[in-house]
Amino acid sequence: MIFEQYVMGQGSSNYPTMSMLDFSAMCKRWGIINRKDLSTNDIDRLFFAVNFEEVQGEAGDLEDNPDQELCRYEFYEIVVRLAKLKFEN
(Lines give C-alpha, C1' and ligand atoms only; values in the text may rest on other atoms or scores of the structure.)
Protein backbone atom coordinates (compact mmCIF):
# COMPACT_ATOMS: atom_id res chain seq x y z
CA MET A 1 0.00 0.00 0.00
CA ILE A 2 2.80 2.43 0.88
CA PHE A 3 4.63 1.58 -2.33
CA GLU A 4 1.59 2.20 -4.54
CA GLN A 5 0.63 5.44 -2.77
CA TYR A 6 4.10 6.88 -3.08
CA VAL A 7 4.72 5.86 -6.67
CA MET A 8 1.32 6.97 -7.89
CA GLY A 9 0.99 10.12 -5.81
CA GLN A 10 4.32 11.70 -4.96
CA GLY A 11 6.98 10.10 -7.11
CA SER A 12 7.89 10.71 -10.70
CA SER A 13 8.36 7.00 -11.45
CA ASN A 14 6.07 5.01 -13.67
CA TYR A 15 3.82 2.63 -11.78
CA PRO A 16 4.49 -0.22 -10.85
CA THR A 17 8.18 0.63 -10.30
CA MET A 18 10.16 3.19 -8.28
CA SER A 19 13.37 4.85 -9.42
CA MET A 20 16.43 5.34 -7.26
CA LEU A 21 15.81 9.10 -7.17
CA ASP A 22 12.27 8.60 -5.93
CA PHE A 23 13.39 6.08 -3.33
CA SER A 24 16.12 8.41 -2.05
CA ALA A 25 13.65 11.31 -1.92
CA MET A 26 11.18 9.14 0.01
CA CYS A 27 13.90 8.19 2.53
CA LYS A 28 14.79 11.86 3.01
CA ARG A 29 11.14 12.86 3.38
CA TRP A 30 10.54 10.14 5.99
CA GLY A 31 13.68 11.07 7.94
CA ILE A 32 15.40 7.72 7.42
CA ILE A 33 18.66 9.29 6.28
CA ASN A 34 20.81 10.87 8.98
CA ARG A 35 24.50 11.14 9.70
CA LYS A 36 24.47 8.74 12.65
CA ASP A 37 22.74 5.64 11.27
CA LEU A 38 22.23 5.85 7.51
CA SER A 39 23.77 8.03 4.83
CA THR A 40 22.76 8.61 1.24
CA ASN A 41 25.61 6.28 0.23
CA ASP A 42 24.11 3.50 2.36
CA ILE A 43 20.75 3.98 0.63
CA ASP A 44 22.39 3.86 -2.80
CA ARG A 45 24.35 0.69 -1.95
CA LEU A 46 21.22 -1.03 -0.68
CA PHE A 47 19.33 0.01 -3.81
CA PHE A 48 21.97 -1.57 -6.06
CA ALA A 49 22.19 -4.71 -3.90
CA VAL A 50 18.43 -5.26 -4.01
CA ASN A 51 18.20 -4.49 -7.70
CA PHE A 52 21.05 -6.84 -8.69
CA GLU A 53 20.10 -9.66 -11.05
CA GLU A 54 22.55 -12.54 -11.08
CA VAL A 55 21.51 -13.81 -14.50
CA GLN A 56 22.17 -11.33 -17.30
CA GLY A 57 20.58 -11.19 -20.73
CA GLU A 58 17.18 -12.47 -21.78
CA ALA A 59 17.13 -15.28 -19.20
CA GLY A 60 17.48 -12.77 -16.36
CA ASP A 61 15.12 -10.12 -17.66
CA LEU A 62 11.69 -9.90 -16.16
CA GLU A 63 9.28 -7.79 -18.18
CA ASP A 64 7.92 -5.98 -15.14
CA ASN A 65 11.30 -5.45 -13.47
CA PRO A 66 13.36 -2.67 -15.06
CA ASP A 67 17.08 -2.84 -14.28
CA GLN A 68 17.34 0.57 -12.58
CA GLU A 69 14.05 0.59 -10.67
CA LEU A 70 12.46 -1.21 -7.74
CA CYS A 71 9.38 -3.32 -8.23
CA ARG A 72 7.05 -4.13 -5.35
CA TYR A 73 8.87 -7.16 -3.92
CA GLU A 74 12.25 -5.37 -4.19
CA PHE A 75 10.74 -2.44 -2.29
CA TYR A 76 9.79 -4.77 0.57
CA GLU A 77 13.27 -6.27 0.54
CA ILE A 78 14.99 -2.89 0.71
CA VAL A 79 12.77 -1.79 3.62
CA VAL A 80 13.83 -4.88 5.56
CA ARG A 81 17.50 -4.28 4.71
CA LEU A 82 17.18 -0.63 5.78
CA ALA A 83 15.71 -1.66 9.12
CA LYS A 84 18.47 -4.20 9.68
CA LEU A 85 21.20 -1.69 8.85
CA LYS A 86 19.65 1.11 10.91
CA PHE A 87 18.79 -0.88 14.03
CA GLU A 88 21.51 -3.54 13.98
CA ASN A 89 23.83 -1.65 16.29
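Every heavy atom of this structure was used, including side-chain atoms; hydrogens, water molecules and symmetry mates were not. Values in this document were obtained by computation on a predicted structure and should not be read as measured data.
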Look at the aromatic rings of Phe23 and Phe47 and report parallel, tilted or perpendicular, splitting at 30° and 60°. tilted
Quick check: do Glu69 and Glu74 have side-chain heavy atoms less than 4.5 Å from each other? no
side-chain contact (heavy atoms from CB on, under 4.5 Å) involving Glu77 - partner list, sequence neighbours excluded: Val50, Arg81
How many angstroms lie between CD1 in Ile78 and CE in Met20, if you round to the nearest 0.5 Å? 10.0 Å
To the closest 0.5 Å, what do you measure between CG (Leu70) and CG (Leu46)? 10.5 Å
Taking all non-hydrogen atoms of both residues, which atom of Leu38 and which atom of Lys86 are closest, and how far apart? CD1-CB, 3.9 Å
Which heavy atom in Leu82 sits nearest to a heavy atom in Cys27, and how many Å separate them? CD1-SG, 4.2 Å
Are Val80 and Tyr73 connected in the hydrophobic side-chain network, where two residues link if heavy atoms are under 4.5 Å apart? no
If every non-hydrogen atom of Ser24 is compared with every non-hydrogen atom of Ile43, which pair is closest and at what distance? OG-CG2, 4.1 Å
Which residues share a side-chain hydrogen bond (donor to acceptor under 3.5 Å, both in side chains) with Ser39, sequence neighbours left out: Asp42
Roughly how far apart are Met26 CE and Leu21 CG, rounded to 0.5 Å? 13.0 Å
